[in-house]
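Below you'll find the structure, written out as structure tokens, and then a few comments.
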Amino acid sequence: MSTITYQVTGMTCGHCEGAVTTEVGAIPGVTEVTAAASTGLVTVTAEAAPDDEAIRAAVDEAGYELVGRAR
């Protein structure tokens, strides 16, 4: 298992968190997603290291912007 946290902009509420969680959670191999609008952090756990571009595309599809991996 691999867990990576990403910084996402534009999330402001629980609906936003749900949209990001649904889109990212649909990526093959992703086992858990936790999105927090208050911090803009999205934590992704997957069977193998998540593909950053697949995560970016899913976040974009949800209507938000992935800034990059959180430091």
Side-chain angles (χ1 to χ4, degrees):
M1 290 293 197
S2 177
T3 301
I4 298 176
T5 301
Y6 297 91
Q7 183 70 51
V8 174
T9 60
M11 294 189 303
T12 59
C13 64
H15 178 269
C16 301
E17 294 169 349
V20 170
T21 298
T22 298
E23 290 295 334
V24 174
I27 297 170
V30 171
T31 59
E32 184 178 352
V33 180
T34 304
S38 62
T39 61
L41 297 178
V42 176
T43 302
V44 179
T45 301
E47 295 168 356
D51 175 13
D52 289 346
E53 288 311 307
I55 302 293
R56 183 178 305 282
V59 169
D60 184 61
E61 183 66 28
Y64 306 96
E65 182 181 355
L66 186 142
V67 176
R69 290 187 182 199
R71 303 272 177 223

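Numbers for residues simply follow the sequence, beginning at 1.
For E65 (side chain) and T9 (main-chain N/O), no donor-acceptor pair under 3.5 Å exists by modelled atom type. For E61 (side chain) and V24 (main-chain N/O), no donor-acceptor pair under 3.5 Å exists by modelled atom type.
Contact between S2 and P50 at its shortest, heavy atoms only, is OG-CD, 3.9 Å. Pairing each heavy atom of Y6 with each of R69, the nearest pair is CE2-CG, 3.8 Å. The two residues A62 and E23 come nearest to each other via the heavy atoms CB-CG, 3.8 Å.
If you chain together hydrophobic residues whose side chains sit under 4.5 Å apart, L41 and I55 never meet in one group. Linking Ile, Leu, Val, Met, Phe, Trp and Tyr whenever their side-chain heavy atoms come within less than 4.5 Å puts V20 and V30 in one cluster. If you chain together hydrophobic residues whose side chains sit under 4.5 Å apart, V42 and I27 fall into the same group.
Exactly one of T34, T3, I4 qualifies for a side-chain contact (heavy atoms from CB on, under 4.5 Å) with T45. That residue is T3.
Using a 4.5 Å cut-off on side-chain heavy atoms (C-beta onward), T5 and T43 make contact.
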